[in-house]
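Here the structure is a predicted model, which is why all the values come from computation and not from measurement. Each chain gets a letter, A, B and so on, in the order the sequences are listed, and its residues count up from 1.
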There are 2 protein chains.
Amino acid sequence: MRQALLDAAVEIVRRDGAGALTLRAVARAARVSHMAPYHHFADKAALVAAVAREGFRGLRREMEARIERCPDDPRARFRESGIAYVAFAVKHPNLFRVMFGPETADTDANPELQAEARGVFGLMQRLLKQSQAGYAIREDDARQIGLTAWSLVHGLAMLCIDGQFGPEATSPAGAERLAYAATGALFRGLRR
Amino acid sequence: MRQALLDAAVEIVRRDGAGALTLRAVARAARVSHMAPYHHFADKAALVAAVAREGFRGLRREMEARIERCPDDPRARFRESGIAYVAFAVKHPNLFRVMFGPETADTDANPELQAEARGVFGLMQRLLKQSQAGYAIREDDARQIGLTAWSLVHGLAMLCIDGQFGPEATSPAGAERLAYAATGALFRGLRR
DNA sequence: CTCCAATCTTGACAGCGTAAAGATGAGCGA
DNA sequence: TCGCTCATCTTTACGCTGTCAAGATTGGAG
């Protein structure tokens with residue numbers, strides 16, 4: 001039952017955005033009374049947090065699937081995880097916005113959600129360290145570089161789904177092209 | 001009157017976040033009936049867009065003020081504009097979230113807001129071109145580099161105010177330190 | 001069989017965005 | 001001066017929302 005409600009909530013967010021995510025709409029989709037969800041989620045914020053958690057799990061799954069394409073090149077694995085990050089955002093923009101939306105942000109009271117988010121960053125961090133072990137990346141402060149890389153792909157993802165880069169960036173192909181170029185620039189640096 | 005309503009709306013967002021932004025609350029703050037705002041804003045989305053526009057103007061003002069610190073170093077000016085971007089987000093997190101929030105994102109029907117956003121990117125783009133003219137940055141596809149830089153500072157700003165970097169990143173000083181490090185990494189590149 | 005705890009339902013309330021219609025009042029041609 | 005017009009503001013009302021309170025159902029432990 002809880003799973004049915006959660007599935008319905010994710011489906012609503014996917015189709016109509018976070019603004020359409022309503023406890024009553026979820027209850028209707030699950031064909032129960034408008035108060036039934038309260039026996040599985042404390043309040044609306046808890047439901048939103050559960051949706052976000054589902055999103056983080058999906059993001060992590062797609063990142064892990066993608067880096068399996070190149071098991072032997074640590075540097076490419078690190079880079080591809082970032083590409084997958086942007087691709088996920090463009091493929092599931094509404095879900096991505098919920099994952100980093102204001103309803104979710106102040107939920108410091110939700111350690112499970114925070115753990116899931118840290119898991120994504122942890123994956124990138126692990127890939128970065130493996131890249132450094134392969135001597136393909138300078139061994140500067142690993143955390144600082146990880147933060148920089150995360151910021152780059154996160155900002156790219158956000159601006160893509162906000163349409164700030166134009167409509168061509170909202171397609172997976174266009175977004176991935178941008179992500180390849182941006183991560184390449186980060187690897188190389190901007191100097192001549 | 002319209003300005004009074006808008007000021008009240010900005011104040012509410014600043015203090016209590018976008019969730020507290022309500023047509024009726026704005027009307028109460030301006031001591032008018034709950035329907036008076038409709039004679040100045042078509043609907044709630046228009047009010048939110050106006051608040052976001054105000055935010056973009058403030059962001060641009062802070063960026064322009066900051067780059068005046070170093071009028072002679074084009075490369076530093078470009079970099080400082082990015083630092084100011086992150087600093088603004090941390091200083092006005094609720095406003096920043098409205099500027100890039102979902103209510104604002106789908107408002108492609110609001111060309112004024114879009115123009116204001118493009119103005120911010122245009123400023124960064126201009127500073128980048130001036131950096132290139134000074135031969136301190138390689139003259140690759142300027143738009144691509146601009147997009148990369150914008151993504152980096154935007155993602156850094158978002159993750160800072162989401163608390164993903166921990167509490168120390170939510171202070172202006174901490175966020176600026178992160179922004180210096182991240183932009184430095186982008187300039188230098190990550191290779192050894 | 002009984003009882004209890006978990007689960008679900010019904011009903012109510014205030015707050016929200018917004019539609020419809022009435023009130024107010026300043027500006028202006030006669 | 002009168003009376004019209006139009007922009008502005010108010011009042012009232014509707015359906016939607018999240019949530020509280022209280023009753024109904026039901027399946028398993030004693």
Does A:His34 contact C:dG11 through a side-chain donor or acceptor facing the base, at a distance under 3.5 Å?
yes

Just checking [X]: base, sugar-phosphate only, or nothing, at a heavy-atom cut-off of under 4.0 Å?
| X | result |
| --- | --- |
| A:His40 | sugar-phosphate |
| A:Thr22 | sugar-phosphate |
| B:Arg31 | nothing |

Which nucleotide in the set [options] lies at the smallest distance from any side-chain heavy atom of [X]?
| X | options | answer |
| --- | --- | --- |
| A:Ser33 | D:dA13, C:dC8, D:dG18 | C:dC8 |
| B:Ala36 | D:dT10, C:dC8, D:dG18 | D:dT10 |
| A:Leu23 | D:dG18, D:dT8, C:dT18 | D:dG18 |
| B:Met35 | C:dA20, C:dC16, D:dT19 | C:dA20 |

Polar side chain donor-acceptor pair, [X] to [Y], under 3.5 angstrom:
| X | Y | answer |
| --- | --- | --- |
| A:Arg75 | A:Ser131 | no |
| A:Asp7 | A:Gln3 | yes |
| A:Tyr180 | A:Glu80 | yes |

Figure out the NE2/C1' separation between A:His39 and D:dT19, and round it to whole Å.
12 Å

Can you tell me if the side-chain N/O atoms of B:Tyr38 get under 4.0 Å from OP1 or OP2 in C:dT18?
yes

Name the orientation class of the two ring planes belonging to A:His154 and A:Trp150 (parallel below 30°, tilted from 30 to 60°, perpendicular beyond 60°).
perpendicular

